[in-house]
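Below is one structure, written out as C-alpha cells; the observations come after it.
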Amino acid sequence: MQEELKNIESCAIEDIKNTNTSEEIDKVRVKYLGKKGELTKVLRGMGKLSSEQRPIIGKIANIVRENIEQSIVSRINNIKQEELNNRLKGEVIDVTMPGQKITLGKKHPITQSMDDLIGIFTKMGFKVVEGPEVESVYYNFEALNAAKNHPSRDMSDTFYIDENTILRTQTSPVQVRTMEKTKPPIRIISPGRCFRNDTPDATHTPMFHQLEGLVVDKGITLGDLKGTLEVFAKYFFGSQTKIKFRPHYFPFTEPSAEVDATCFKCVGKGCSLCKGSGWIELLGAGMVHPNVLKNCNIDPEIYSGFAFGMGIDRLTMMKYGIDDIRLFYENDMRFLNQF
Ligand code: DAH
C-alpha cells in the first residue's frame with residue numbers, strides 16, 4: 001500500500017507538471033484528490049489494515065496528499081503568472097505607431113457671429129431671450145401692427161401651418177412676448193431662426209437668422225437708438241465705422257429707419273463689397289409704435305422704446321466677403337473651415 005501511495009504521488013506530480021491551464025489543473029485535482037479520486041480510493045481500503053499498520057500508512061497518506069496539494073498550488077501560481085504574461089504580451093502598445101486623427105469640428109460662421117453679437121449687446125446690459133419658431137399669426141403680425149392686407153402675410157411669402165399658425169418670418173414677435181410678460185425697464189436681444197417662402201438664390205434661403213433688439217423705459221429717445229447702434233457697429237465691423245439712418249416704413253415702429261454702416265472694407269471710399277457706394281445696409285430699426293405698446297398693456301404716454309432687427313446671415317456675409325448665402329447651408333467643410 002505504501003508503494004501504491006508513492007506511485008500515486010509521483011504520477012500526480014508528473015500530471016501536474018504537464019498542465020498548462022487552470023482548467024487542466026482542476027481536472028488533475030479531481031483525478032487524484034476528488035471523491036472518486038485515486039488517493040481517496042486507496043484510503044478507503046485502510047479498513048483492511050492491521051491496527052499497527054494503519055497509523056503508519058495514514059501518516060504517509062497525509063504526506064502524499066499534502067505534497068500533491070502543494071504542487072497543485074505552486075503550479076496554479078505559475079500558470080496564473082504565465083497567463084498574465086501572455087495577456088500582457090498580446091496587449092503591447094506600440095507607442096511609435098501613428099495615431100488616429102480625430103478631426104475636431106468648429107463653430108459655424110453664423111454661430112460665431114451670433115456669439116459675437118450676444119457678447120457686444122450683453123456688455124451694453126441687454127439680456128438674451130428666446131421665442132418659438134412656430135408662432136401664431138397674432139404675435140408675428142397682428143400684435144406688431146401689421147395690416148391685414150400686408151404683403152408679408154401672403155401665403156406666397158409665409159409658411160402657414162394652419163390659418164392661425166406659421167413659421168415666424170422675423171424675430172420681432174419676441175418683442176410682444178417679452179412686453180406682455182415683463183414690465184419696463186426692458187432691454188433684450190433675441191437671436192434665432194426665421195422662415196420665409198423664398199426660392200433659394202445668392203441672397204435668399206427659406207431659413208435664415210435674425211437678431212432682434214428691444215429697449216422700453218421712461219424717456220427713451222431716437223438718440224438712445226443711434227448711440228446703441230453706433231457702439232454695436234464699431235465693435236462688430238471696426239472702430240472707424242460710422243452709421244447713417246435712412247427713413248423707411250415698418251408697421252411696428254414710428255418713425256422707422258434703415259440703418260447703413262460705412263463699408264468696413266473701403267471705409268466709405270467705395271469698393272466691390274459695397275458696390276461703389278461706400279455704405280452697406282445693416283438693419284431695420286425705429287421707435288416702438290404706440291399701438292404695439294398698447295397691445296402689450298404698456299402706456300405709451302408714460303413709456304417709449306426703440307427696436308431693431310438685423311439679418312445675421314447678411315452681416316456675416318458682409319464681414320467675411322461671402323457672396324452666396326447658400327454656402328452657409330451646404331455643410332462643405334472646405335468652406336466652413338475658413339472661418
Ligand atoms: N422685422 C423686420 C424684418 O424682418 C426687421 C426690423 C425692422 C425689426 C425694424 C425691428 C425694427 O425691430 O424696429 O424685416
Side-chain angles (χ1 to χ4, degrees), residues 117 121 124 126-133 135-147 150-154 157-159 166-180 184 186-198 203-217 220-230 232-233 243-261 280-293 295-296 298 300 303-315 325:
L117 293 168
F121 283 105
M124 287 195 266
F126 284 76
K127 256 181 37 190
V128 180
V129 297
E130 284 186 299
E133 291 169 2
E135 187 52 284
S136 69
V137 168
Y138 175 75
Y139 283 118
N140 196 85
F141 295 122
E142 238 145 76
L144 287 165
N145 205 35
H150 196 277
S152 63
R153 298 180 69 149
D154 211 273
D157 287 320
T158 299
F159 292 114
I166 56 166
L167 296 184
R168 68 176 177 191
T169 61
Q170 48 187 359
T171 43
S172 305
V174 185
Q175 290 188 31
V176 181
R177 287 180 174 274
T178 306
M179 285 190 279
E180 274 185 355
I186 293 169
R187 204 187 290 166
I188 59 112
I189 51 165
S190 185
R193 272 189 281 262
C194 302
F195 307 85
R196 287 184 199 175
N197 199 350
D198 284 328
T203 51
H204 297 88
T205 45
M207 189 281 294
F208 57 98
H209 299 79
Q210 283 191 344
L211 183 128
E212 193 77 14
L214 173 71
V215 171
V216 183
D217 202 352
I220 297 293
T221 68
L222 196 70
D224 296 315
L225 172 60
K226 260 193 136 167
T228 305
L229 292 181
E230 200 166 299
F232 146 69
I243 58 169
K244 71 172 180 191
F245 279 46
R246 273 184 291 114
H248 199 75
Y249 171 78
F250 294 108
F252 36 86
T253 41
E254 182 58 35
S256 302
E258 275 196 328
V259 181
D260 298 341
I280 50 175
E281 189 191 312
L282 269 193
L283 48 85
M287 301 306 289
V288 182
H289 197 293
N291 287 352
V292 177
L293 293 174
N295 288 340
C296 304
I298 293 177
Y303 293 102
S304 57
F306 67 74
F308 55 87
M310 58 186 85
I312 299 177
D313 307 58
R314 233 186 68 79
L315 287 187
I325 189 174

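The first residue in the sequence is number 1, and the count goes up from there. In each ligand, atom 1 is the first atom listed, and ligand 1 is the first ligand listed.
Checked by distance only, ligand 1 and G284 stay at 3.5 Å or farther apart across all their nitrogen or oxygen atoms. Remark: ligand 1 and T169 share no N or O pair separated by less than 3.5 Å (distance only, no angle test).
Nearest to atom 11 (C) of ligand 1 among the protein's heavy atoms is F252 CE1, 3.4 Å. Considering only non-hydrogen protein atoms, atom 12 (O) of ligand 1 sits nearest to E212 OE2, 2.6 Å. At the shortest separation from atom 2 (C) of ligand 1 among protein heavy atoms lies Q170 OE1, 3.7 Å.
A donor and an acceptor atom, one from each side chain of Q170 and Q210, are nowhere located under 3.5 Å apart.
With ligand atoms numbered from 1 in the order given, ligand 1 contributes 3 (C), 4 (O) to contacts under 4.0 Å with heavy atoms of Q210. Atoms of ligand 1 found under 4.0 Å from any heavy atom of Q175 (numbered from 1 in listed order, with element): 12 (O).
Stacking of R168 on the aromatic ring of Y139 is not recorded, the 6.0 Å distance cut-off and the 45° axial limit not both being met.
Proximity of M310 to ligand 1, defined as any heavy-atom pair under 4.0 Å, is not found for any part of the residue. If you look at F308 next to ligand 1, the close heavy atoms, those under 4.0 Å, all belong to the backbone. Proximity of A307 to ligand 1, defined as any heavy-atom pair under 4.0 Å, is shared by backbone and side chain alike.
For E142 and R153, the salt-bridge test passes: some basic side-chain N is under 4.0 Å from an acidic carboxylate O.
For the ligand labelled ligand 1, residue R196 lies inside the 4.0 Å heavy-atom shell.
In this structure, OH on Y249 lies 8.5 Å from CD on E254, to the nearest 0.5 angstrom.
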